[in-house]
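Letters A, B, ... mirror the listed sequences (proteins, then strands); counts begin at 1.
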Amino acid sequence: MYALLDGNNFYVAAEVAFRPSLAGKPVVVLSNNDGCVISRSNEARALGIKMGAPWFRVSHLADSAGLVALSANFALYGDISDRMMSLAAGLGPTQEIYSIDECFIGLDGMRGDLVERARKIRGRILQWIGVPCCIGIAPTKTLAKLSNHVAKRAERKPGSYPAHLSQVCNLGAMPKSDVDELMQATAVGEVWGVGSRIGAQLQLAGVQTVHDLVRYDTGTLRSRWGVVLERTQRELQGVPCIELDESPAPRKEIASTRSFGRPITSIEPLIEAVTAFATTAAVKLRGQASVASQVLVFARTSPFREGPRFSRSCVVPVRPTRDTRHLVAAAIAGVRKIYAPGYALAKAGVMLLDLQPDDLVQGELGLDEPHEDQTQLMTALDAINQRYGRGAIGIASAGPAGATKHWQMRQERKTPAYTTNWAELPIVRA
DNA sequence: TCTGGGGTCCTAGGACCC
DNA sequence: TCTGGGGTCCTAGGACCC
């Protein structure tokens, strides 16, 4: 048996927890660069604002409907997430943190009333952290997701599902006829693993609801859509195919990419940006004790704007390394190779590929110039930046430290890092 | 003016091997 | 006229997730 716990409108909820005056108002959190809506309060949803909507298309609602928009504050969300996950872990013996706002809990061996227990945990998270969440319980992960979906819909839209399923829903404890009924009332597109493409194809094939998918011919499903969807079907039938993953393996690739605050039209700022991206990626790389042997760098114009299009990338091989200097050098070499003048570049990025654990690196014959990672130097670099703040010490091609780069992303509505920065602690007045 | 960022897995097809 | 069989590895592209 599994539970899926996930925070309601998580980013917005984290913001509201520190600004209670926003409760009950239409609030959205915007992606980096204040680009798109990535989290909405129920009130914002009710205004018809879609997930992923470009901000400039809905910003008029700020005046007409009191919509409040905030820039993403990932330091805050990450910290609130850690706290929520610690409490969620009390639900059962095993936990898989699946994303910043949701986790699966393995419930094997749990006795007693699971729903009651889940409601208790939910209450504790709400009281201690201020973030509301919903919990779905079922025999497989895909069903737990579905169960969670039911719990959320039942809370948000009373009447869409029976009221007692609101906030916490246990499909595993229901008679089959009730489960069938819920599946008939749920669109196939809501299933975990069915996205927009396959969802549309299924609809055309006459599969409208979750119930239709459960009963669809397995052979046809497999030959037309592949083994992934077959697995999803089995999971919906109650056969566990996807295990709980308590300690995810290290990443196989690490990316750092950004859209620019303003378009770039020359190579100098592009080199600055790519230096910053490679530096960020290198820190993540060392954080998981890996080395990279390929560096991919890309740059492109906006796909939404008129004008000449540009989108190029190149992969630069390096000797397996975790040294920021080597990774930055490779990224810059890549930039010089792909760069062409005459374009308004909107986005660029660096990806580290072909990662391996740093203790398993193949040695080399000394046929070439010596090439040594300065492990101690990197350790010192990370420690200094940890203590004095990101960018306190870095690579010179990143440009002057602390200077505002005109390519840097816009974040015009960011709230303080209430819980992760001493200088930004909230102040309570009696 | 203005459209995010970071991942994973699967499959098909090509290159190559014997 | 006529052109095998079986396998691996790599890559690009497509689909999905949050």
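Residue contacts for A:Lys50: at a heavy-atom cut-off of 4.0 Å it reaches no nucleic acid atom on any strand shown. At the heavy-atom level, A:Glu102 lies under 4.0 Å from the strands shown only through sugar-phosphate atoms. As judged by a 4.0 angstrom heavy-atom cut-off over every strand, A:Ile254 is placed among residues touching the sugar-phosphate backbone only. Across all strands, A:Asp101 comes closer than 4.0 Å only to sugar-phosphate atoms, never to a base (heavy-atom distances). When heavy atoms are screened at a 4.0 angstrom cut-off, A:Asn32 is found touching the sugar-phosphate backbone but no base atom.
Using a 4.0 Å cut-off on heavy atoms, none of the residues of residues 219-226 of chain A approach DNA chain B. The stretch residues 187-211 of chain A touches DNA chain C through A:Val191, A:Trp192, A:Gly193, A:Val194, A:Gly195, A:Ser196, A:Arg197, A:Ile198, each having a heavy atom within less than 4.0 Å of the strand. Listed by residue number, A:Ala255, A:Ser256, A:Thr257, A:Arg258, A:Ser259 are the residues of residues 255-283 of chain A with a heavy-atom contact under 4.0 Å to DNA chain B.
Every pair passing side-chain hydrogen bond (donor to acceptor under 3.5 Å, both in side chains) that includes a residue from residues 235-250 of chain A is listed here, sequence neighbours excluded: A:Thr142-A:Glu235. Under the salt bridge (charged side-chain N to carboxylate O under 4.0 Å, His left out) criterion, the residue pairs touching residues 223-233 of chain A are A:Arg222-A:Glu230, A:Glu230-A:Arg234, with sequence neighbours excluded. Residue pairs that meet the ring pair (Phe, Tyr, Trp, His ring centres under 6.0 Å) test with at least one member in residues 281-304 of chain A, sequence neighbours left out, do not exist here. Contacts classified as salt bridge (charged side-chain N to carboxylate O under 4.0 Å, His left out) and involving residues 40-60 of chain A (residues at least two apart or in different chains) are not found. Sorted by first and then second residue, the pairs that involve residues 47-95 of chain A and meet ring pair (Phe, Tyr, Trp, His ring centres under 6.0 Å), not counting sequence neighbours, are A:Tyr11-A:Phe74, A:Tyr11-A:Tyr77, A:Phe74-A:Tyr77.
Taking for each of A:Ala346 and A:Pro250 the nucleotide of DNA chain B with the nearest heavy atom, the 5'-most of the two is the partner of A:Ala346.
Scored by the side-chain hydrogen bond (donor to acceptor under 3.5 Å, both in side chains) test, A:Ser266 finds A:Glu268 as partners (sequence neighbours excluded). Annotation: side-chain contact (heavy atoms from CB on, under 4.5 Å) contacts of A:Arg215 (sequence neighbours excluded): A:His211.
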(message) Please evaluate residues A:Thr186 and A:Tyr161 with respect to the criterion side chain to side chain donor-acceptor pair (under 3.5 Å), reporting the C-alpha separation (whole Å), side-chain torsions for both, the decisive distance (0.1 Å), and the verdict.
(response) CA-CA 10 Å; A:Thr186 308; A:Tyr161 294 108; 2.7 Å; yes

(message) Between A:Leu213 and A:Leu221, does the side-chain contact (heavy atoms from CB on, under 4.5 Å) criterion hold? Intermediate values first, please.
(response) CA-CA 9 Å; A:Leu213 179 59; A:Leu221 200 72; 4.0 Å; yes

(request) Walk me through it: do A:Phe260 and A:Asn33 pass the test side-chain contact (heavy atoms from CB on, under 4.5 Å)? (result) CA-CA 7 Å; A:Phe260 301 132; A:Asn33 223 20; 5.9 Å; no

(request) Step by step, work out the ring pair (Phe, Tyr, Trp, His ring centres under 6.0 Å) result for A:Phe104 and A:Tyr2. (result) CA-CA 7 Å; A:Phe104 289 100; A:Tyr2 297 95; 7.0 Å; no

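In the 5' to 3' direction, nucleotides of DNA chain C lying under 4.0 Å from heavy atoms of chain A begin and end at C:dA15 to C:dC18.
Remark: side-chain polar atoms of A:Arg309 are paired, donor with acceptor, to backbone N or O of A:Pro303 under 3.5 angstrom. Checking side-chain atoms of A:Thr265 against main-chain N and O of A:Ala344 turns up no donor-acceptor pair under 3.5 Å. Between the side chain of A:Asp34 and the backbone N or O of A:Glu412 there is at least one donor-acceptor pair closer than 3.5 Å.
Across the C1' atoms, B:dC17 and C:dG4 are found 14 Å apart, a figure rounded to whole Å.
With a cut-off of 3.5 Å on both pairing distances, the Watson-Crick and G-U wobble pairs of DNA chain C assemble into stems of 3 or more at B:5-18 with C:5-18.
For the residue pair A:Gln184 and A:Asp212, no side-chain donor N or O sits within less than 3.5 Å of a side-chain acceptor on the partner.
Residues A:Val318 and A:Ala330 share a closest heavy-atom pair of CG1-CB, 3.5 Å.
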